[in-house]
Structures are given as C-alpha cells and as structure tokens.
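The residues of the chain are indexed from 1 along the displayed sequence.
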Amino acid sequence: MRGLDRLSAVVGPGRARAAAAAIAAAAVAMEIADIWVTARLPQSPYTPLPFAPEDVAGTAFPIFGALLVFQRPRLLVGWVLAVGGLACAANILAANVARLHAPTPYSPDAPVLLWVIVGQSWALASFLLGVLLPLVHPTGRPPSRRWRPLIVFAGAVMALDGVLQAAVLLRAVPAQPVLREVLHWLSAASMVLAVASLAGRLRGADPLDRRRILCPLVATTTVVVPWVVGDPFWWLASFTIPLVPAAIAFAILRHRLYGIDTLITRALVGAGLVGVIGGVYVAVGTATSLLLSDVDRIGGLLAALCAGAFFHPLRKVLQRGADRLLYGSKGDPVALAAEVRSRLQRADPAEGLQAALEVLREGLSVTGVAVRFPPRPAGGTGGTAGPHAGPADEVSGELGEVVRRVPLVWHGEPVGRLLIGRPGARRLPAAHNERVVSALTPYIADAAHAVLLVDTLRRSRERIIATREEERRRLRRDLHDGLGQSLSGMAMSINAARLSLHTSPESAERLLDGLRSGMDSVTSDIRHLVYGLRPPALDELGLAGAIGEMAGPEVAVEVRGDLTGLSAAVEVAAYRIVQEALTNARRHARARTVRVSLERSGQLGVRVSDDGVGVPAGRRSGVGLASMRERAAELGGTCMITSPPEGGTVVEAVLPLASGTTVEAGPTG
C-alpha cells in the first residue's frame, strides 16, 4: 500500500488517471469484442441471458474504479476495482474465444494458452475483488496488521491454484482433483473471512464509517443471495453486480461526487430496466414457447410488446427509487425548487423565508439552516444616522455548528448570509448538496430581500410617525415660544401705546415703530413655518417651475408629460427628493453637470443625474439619502441611488400617482 503511494507520487496524478482510463477503455473494448464472440456461440444452458456475470463485472468494476482513481489517485481501492474488472473482462473473452475452437480445455484441439489465461485471470480477479477489496475498503489499507496474513495466505493459495491449473493444462503434471478442491475451499474461506471483516468493523465504527461499510455490504448481499440460491435464479446476480462498485464509489466519494450522482442514478436505473425488462421478455418468451409452440414468431413479438409496455412506468419507478437511495426522501433539486416556489406563493412575505429554509434543510438533510442579515443603516429622527441590527436571524432546525456560509445576493445587493449546519442522518453526496444550494439560493435570496423590505417598511413607518410627532412638537414650540411670545409682546406694546398716546405722543410713536418691526418678524416666522409645510413655489409655479427655480439656470430640467393635477403629497415628495439630490451633488459629488428629468406616464418618474465622483463603495446611507427613500416609501414608491459604470450618481424615484397614505409635513433632511 505504501508502495502505491510512492509510485503515485513519482508518476503523478495525471499519468495515474491516464492509466486508469486506459484500463477502463481496455476492459470495455474486451467486452465489446466478447459480444461479437458470444453471438457466434450456442446459447448457454445455464442462463437465459445473452451475457455472463463476468461481462457485467468486466464493464462495471473498471469504470467505477477509474472514477475513483480520477478523484483519488493514491487510494488503492480504485486500482483494485479497475484491475480486478480488467481481469474479469480478460477471463470471459479468453474463455469464449477458446470455446470457439473447443468446448472444453481438455479437448484435443483446445487452445491451451487461452485456457491458461482463463485460469490466471480468474485467480487474479478472485484475489483482488474477493479478498483484497473487502479488506482495504474504504481507507485503502487493511483494518489492522492482523489481516495481513490473510492477504498473504489468500494470494498464495490462489496463485498456487492458478499455477497448478496451468501445469495440468500444459500436461506438465497429472490432474490433481483433490488438491484443487482443497485449494478452492481455502480460497472460498479466505473470501468469506475478508467479507466478514467488513461486518466486524461495523460494531466499532463511527456513524460515518458505518455508512461507508454498510453500502457495499448491502450491495454484496444482492449478489450473494441469488448465487447461493442457485438454479434457476443464480443468473439474476448478473443484474446486481454493478451495485457493488457503485456502492463502493458512493461510500468513498460522497463528499467529492460533483456531477457523478447523475451517472450513478442512470446506471442504477439502466441496470434495473435491463434486469426487469429482460426478465419480462424471458418469462413471456418461455410461456409462449410452452403454450404457443407452433407460432413462436408471434410469441417473440408478444414478448417484445410486453417488455416495451413496462418500459416507461418502470423507468419512473426506478428513477424515484434511485433518487431515494442516493438522496433520501427529498432528492431532486428541481422538485425542491418547485416546492419552494409553491410555498413562497402561499406564504406571506414575512413568512416565506422560513418556509424556504425548511425545504432547504430537508433537502440537504442537515441539522439546521439560518439566514443572518447584515446591519442596516438607518436615519435617526434627531438628525443623526447610524447602523442598526437588521431583522432577527431566521433559523430552521437547530443550527449548532456552522459548516458552511453562502452569501445571498439580490440583483447585485447583498441581503445576508446563508448558514448551513452539520449533516444529519443522510444518504446523499456533495454533488447533491451543491445542486440543492445552487438551485434554492436564488429563492432564499428573494425571500430574504422580502423580509428586509418588510423590516424596512416597518422601520420607515415608525420613523414617519416619529417625524410627524416631532414636527408637531416643533410647530407647537415655535408657535408657543416664538409667535406666542411675539404676539404677547405686541399686545403689551399696544396697551402701552394707548396709555401714552395723549400724555407722551413721542413714546407712543416709538412703541408703534417697535410694534411694526415685531409684526414684520412675526410675518417672517409664519412664512418660515408655512414654507416648512409646503414650498409656496409649488402653488405659484407648479412642480416643474418650482424645481427649475430651485435648481437654477446651470441645471437642465427636462419634463415629459403633463404635470398638472398631481396630488399635493406627490408634488412635495418629488420636490424634496430633487432638492436633496441637488444638495448632495453640489456638496459631495463635485459635479460639473447636473440634469433633472420629470416624466409622467401612469406614475411620476424623477431622475437626477450628475457627472461627479459617484457614491463610494461600501458607504453607508446618511440622513439625506435615507430621507429620499423614506419620502418615496411613504407614497408606496421606490427610490434608488446608483453609480453607473461611466461615473457619476443617478437618483431615480418612482412615485405612484394614487396614494391615500401620505405625510406632507416635515422639513427636508
């Protein structure tokens, strides 16, 4: 075993894979040649099938062995499968070619050399697949040093049997039937002990190794049982032989089977179809030959029709069975995606993520999955901005230790991370994991974005209510402390002027002059309060004119559609969004050119673009940017701030024209 590691290190993985591919190709070529040879031989009386078990082993074992070598070139198991399968292919091809010349190896004109190859290849295949393979599975080494004498003993016994058979065929020694019988029994005992080592290791193995060992044990049972039963059912083992190398490859490569689970599934379905359809064909053909012996051609046609009628429904049943064997109760990523879509359509936006996570957890067969949301920037009501914790983590199952983190992205925007827990009781390879994750991640990202939108809407409503109450408090304070005090002072000045009007006209004149100045100040305060509620320019000039006056002559304002008849809430929101966008462009963007576009087509589109430095990557939204989004959200619209590849900043807001829930009050952020 260590020699194989040293040889692989010297030869290199590339050459090792090429050698394994060459072995598999040679075995398949031998089996193709054997098909041509078998067609020229009479039907075997021992089996109704047109092929022998060695044909199946000579095809399946090298292919799965090469698969193992491709994934793990230094693992001995793959080489044992490949070389053992090649020996099976050489055995059956040499035997059938020899039978073309003579029916037995002891006929006068028998090709002795071919029969020697038959004996030696059978001894090699028995040693590799019957003794060495059970002992080195799945680690590539025997379970302990105690089993090494068995390997040496079995190798010596089978080599002696092969040499003795060759000597007898070459007539170097007389036939030794008793000695050969003893050698056969010793070989069989060695194989039984080797297989028993697998069963013995089950007791002390951990759950992972127990599943590794159990897979080939169950597959071997499907081969041994028909063989032990014997006639007339022993030939059914030909259909279950591919299960043994498939189970070994599945057990070893369950974390590396990217793209291979499809091959295994199709192999299992194909083997099942061949077995059942072949059995139906043979059964119907046999029945018609007995009952309709005079019309055997009709019987053959009837057998073919019956076999064909079973094909499609049987394929569906076998496909479901293979998926269940590989993946468990929920194995098809496409079906899982369809189930997620169905649950998302039935669930509320806030509950859809939990439903999607449940499907993902069941599909991956893990202890738990979760979505962790990133901190979200928020604008404070007191004029400050800072991050707040996003929505609470959505968890399905018991997450425990996180073994994998997958970023969730919705249209280029990170919306969180998918956390995957430890595997539970499972029968699925890593390829299935990758396909399930890749198939369901977009839906989970959509559901996570919906949760963020719901959270953002809730927080926006809270800020709207807080802003409204804060505005009412400001108005009350301004009216009470400002206008109220001013009006009280003016009333006192009027009373003092009345008292001094006849006695001291000069004092009355001074009081009236101060009263005039106070009235101008009150008028200014009232104008400021009114402007904070709604810019007067909107009533005087309309939306387009007010924006043009605010922007100035250096900003191009483009209007498409009729802007008359807009609701007051839509006009205020559009005006404030443009005002904030222009303020940002002048203060931060260092833009030379700014364009404003207003378009009415079923809804009001507002676009402010500049050629400035753009929005830096990773920058958190401040009060102004959050204010623009909130004003659009108040009306049920959207506002996006982006930096296109050509540079600059683009603020795009879409405002519905029909809205019954608006907040018109509030100064710009």
From Arg576 CZ over to Met550 CE, what is the distance, rounded to the nearest 0.5 angstrom?
-> 9.0 Å
Give, for atom CD of Gln71 and atom CZ of Arg17, the distance between the pair rounded to the nearest 0.5 Å.
-> 7.5 Å
Look at the side chain of Asp610 and the backbone N and O of Gly648, then say whether any donor-acceptor pair between them is shorter than 3.5 Å.
-> no
Side-chain touch Val650/Ile641, heavy atoms, less than 4.5 angstrom | no
Can you list the residues that meet the side-chain hydrogen bond (donor to acceptor under 3.5 Å, both in side chains) rule with Ser396, with sequence neighbours excluded?
-> Arg361
What one should report as the nearest heavy-atom pair of Ala448 and Val415 is CB-CG2, 4.2 Å
Contact check, side chains of Leu538 and Val572, non-hydrogen atoms, under 4.5 Å | yes
Nearest heavy atoms of Leu541 and Ala546, plus distance in Å | CB-N, 3.8 Å
State, with a plain yes or no, whether a side-chain heavy atom of Leu418 is found less than 4.5 Å away from one of Ile420.
-> yes
Validation row: Thr649, Asn584 side chains within 4.5 angstrom (heavy atoms) | no
Worked check of side-chain contact (heavy atoms from CB on, under 4.5 Å) between Ser609 and Val594 | CA-CA 6 Å; Ser609 59; Val594 182; over 6 Å; no
Between the side chain of Arg600 and the main-chain N/O of Asp562, is any donor-acceptor distance below 3.5 Å?
-> yes
Kindly indicate whether the side chain of Val371, heavy atoms from C-beta on, has any atom under 4.5 Å from the side chain of Leu419.
-> no
Do Glu339 and Arg343 meet the salt-bridge criterion of a basic N to acidic O distance under 4.0 Å?
-> yes
Side chains of Leu563 and Leu604: does their closest heavy-atom pair fall under 4.5 Å?
-> yes
Enter the distance from Thr638:OG1 to Glu652:CD here, rounded to the nearest 0.5 Å.
-> 9.0 Å
For the residue pair Glu571 and Leu543, what are the closest heavy atoms and their distance?
-> O-CD1, 3.7 Å
Under 3.5 Å donor-acceptor, Thr441 side chain and Val437 backbone = yes
Contact summary for Glu394 and Phe373, nearest pair of heavy atoms | CG-CE1, 4.2 Å
Looking at NE2 of His449 and CG of Leu353, how far apart are the two atoms once the value is rounded to the nearest 0.5 Å?
-> 13.0 Å
Side-chain touch Arg595/Val555, heavy atoms, less than 4.5 angstrom | no
Beyond-backbone contact of Val559 with Glu599, side-chain heavy atoms, under 4.5 angstrom = no
Residues Arg560 and Glu558 bridged, charged N to O under 4.0 Å = yes
Got a salt bridge between Arg586 and Glu554, using NZ or NE/NH1/NH2 to carboxylate O under 4.0 Å?
-> yes
Between Val570 and Leu655, which heavy-atom pair has the shortest distance, and what is it?
-> O-CD1, 4.1 Å
Minimum heavy-atom separation for Gln603 to Pro656, with atom names?
-> CB-CA, 4.3 Å
